[in-house]
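Here's the structure we're looking at; comments come further down.
Bear in mind the structure is a predicted one, so any value in this text is a computation, not a measurement. Positions are given from 1, in the same order as the sequence printed here. Read the numbers this way: they start at 1 and go in the same order the structure lists the ligands and their atoms.
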Amino acid sequence: MEKDQYRPETNAVRIQTEKTWQMEHSTPLFLTSSFTYDSAEEMRATFADETDNNIYSRFSNPNVDEFVRKVCSLEQAEDGYATASGMSAIFASFMALMNAGDHLLSASSIFGSTHTVITKFLPKWGIEYTYFDINKPETVEALIKPNTKMMFVETPSNPGLEVVDISLLAKICDKHGVILNVDNCFASPVLQKPITLGAHIVTHSATKWMDGQGRVLGGVVVGRKDLIKEIHTFCRSTGPAISPFNAWVLSKSLETLHIRMARHCESALALAKALEGNPLLQWVKYPMLASHPQHEIAKAQMTAGGGIVCFELKGGLEQGTRFLDALKMLTLTANLGDSRSIASHPASTTHAKLSNEERLKVGITPGMIRISVGLENAQDIIDDINQALEISK
Ligand SMILES: *Cc1c(COP(=O)(O)O)cnc(C)c1O
């Protein structure tokens with residue numbers, strides 16, 4: 001198969017839509033809602049699934065296919081479907097694979113909107129859920145019920161950078177016939193390939209590291225062929241399709257994903273090391289620091305620590321807002337995984353509506369700052385954070 005032809009970095013560059021008669025080098029944009037046929041017979045055969053021809057861009061499109069083929073190659077997945085955002089990929093993976101009466105077992109440290117889908121919407125359709133503590137994977141098996149259909153986990157988790165052993169969860173899921181769904185957004189397939197560790201499907205917000213430049217929204221779900229077929233059937237009719245333009249941008253972005261991730265990881269490790277031991281901080285968290293609680297697991301299943309570094313300000317909630325105001329270069333914005341470094345303070349922003357106790361349950365302490373390390377010179381990033389720490393103390 002094409003996806004195994006070269007090494008991953010090369011596949012991310014070389015997997016490409018077939019050239020048109022113009023012999024272009026770079027894949028053109030296929031901005032078209034639908035596709036045409038030369039004959040009634042060809043059209044009939046296409047609708048009967050007897051050809052690989054495209055029909056309508058809600059179902060498939062050459063730019064979208066190219067992006068999906070690359071992600072499948074990078075994730076070592078059999079098949080995939082791309083969506084308009086990470087949330088639509090996650091939502092589709094839930095709705096297509098679970099029925100009323102089924103049970104979802106999910107880690108509690110997950111992205112805010114995923115938490116909303118699980119707690120506010122799934123129960124409306126009779127899908128129940130249980131949260132488990134990602135730091136206590138030994139408690140997970142006992143939470144499986146006869147109707148448990150899926151296990152969902154993010155590793156490293158957003159924003160707390162908690163790490164869980166994917167192969168351990170995969171063994172438990174296989175024993176009980178449960179689908180293991182891993183949100184691999186924080187690691188990207190460059191650093192971690194959950195399918196090779198036993199996950200059945202992998203979901204992504206392509207908005208983050210895959211785009212890497214803060215331009216477009218996108219999502220993708222890849223995995224076992226029979227599961228993706230269900231997801232494709234669901235999406236084809238319900239319409240969360242990605243724009244061909246966004247897919248084109250994202251496919252181009254994947255060509256540089258490996259070199260970008262290498263730089264993000266190198267600078268993030270440098271920042272984590274520079275901050276560790278700073279007397280103004282309670283702690284610094286990064287998967288590749290020996291002090292990370294799951295450092296051994298991170299080392300075993302990730303090739304590097306990723307681009308996010310977290311730390312806790314000794315001055316708590318109040319210092320958090322002072323710290324953001326004191327930054328000169330880092331951006332205050334809701335995104336992550338950008339070429340520009342970003343700082344966020346979850347307790348005063350994304351998680352401000354929760355009580356202190358609720359925040360602690362999902363790993364968010366009052367003075368926690370999350371840094372998405374960009375592609376600027378690492379020393380400029382470190383200098384800006386250090387001067388803001390001094391001013392805000
Ligand atoms: C951002 C994010 C999502 C949601 O993705 P969108 O593209 O914003 O819809 C899901 N999971 C994680 C871990 C994220 O960081």
Centre of Y6's six-membered ring, under 6.0 Å away, within 45 degrees of the axis: is that where NZ or CZ of K70 sits?
no
Per the side-chain hydrogen bond (donor to acceptor under 3.5 Å, both in side chains) rule, which among E318, Q319, Q387 passes with S392?
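Among E318, Q319, Q387, the one that satisfies the side-chain hydrogen bond (donor to acceptor under 3.5 Å, both in side chains) with S392 is Q319.
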Would you say that L191 contacts C265 through its side chain, given a criterion of any heavy-atom pair below 4.5 Å between the two side chains?
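L191 vs C265: side chains touch.
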Tell me, do S372 and R340 make a side-chain contact under 4.5 Å, heavy atoms counted?
no
Tell me whether L250 shares a hydrophobic cluster with L29, the cluster being built from Ile, Leu, Val, Met, Phe, Trp, Tyr side chains joined at under 4.5 Å.
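L250 clusters together with L29.
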Between the protein and ligand 1, which nitrogen or oxygen pairs come in under 3.5 Å, and how far apart is each?
unit_1   : atom_1 : unit_2 : atom_2 : d
ligand 1 : 5 (O)  : S205   : OG     : 2.9
ligand 1 : 7 (O)  : G86    : N      : 2.8
ligand 1 : 7 (O)  : S205   : OG     : 2.8
ligand 1 : 7 (O)  : T207   : OG1    : 2.6
ligand 1 : 9 (O)  : G86    : N      : 3.0
ligand 1 : 9 (O)  : M87    : N      : 2.8
ligand 1 : 11 (N) : D183   : OD2    : 2.7
ligand 1 : 15 (O) : N158   : ND2    : 3.1
ligand 1 : 15 (O) : K208   : NZ     : 2.7

Parallel, tilted or perpendicular, as decided by the 30° and 60° cut-offs, for the rings of F234 and F91
perpendicular
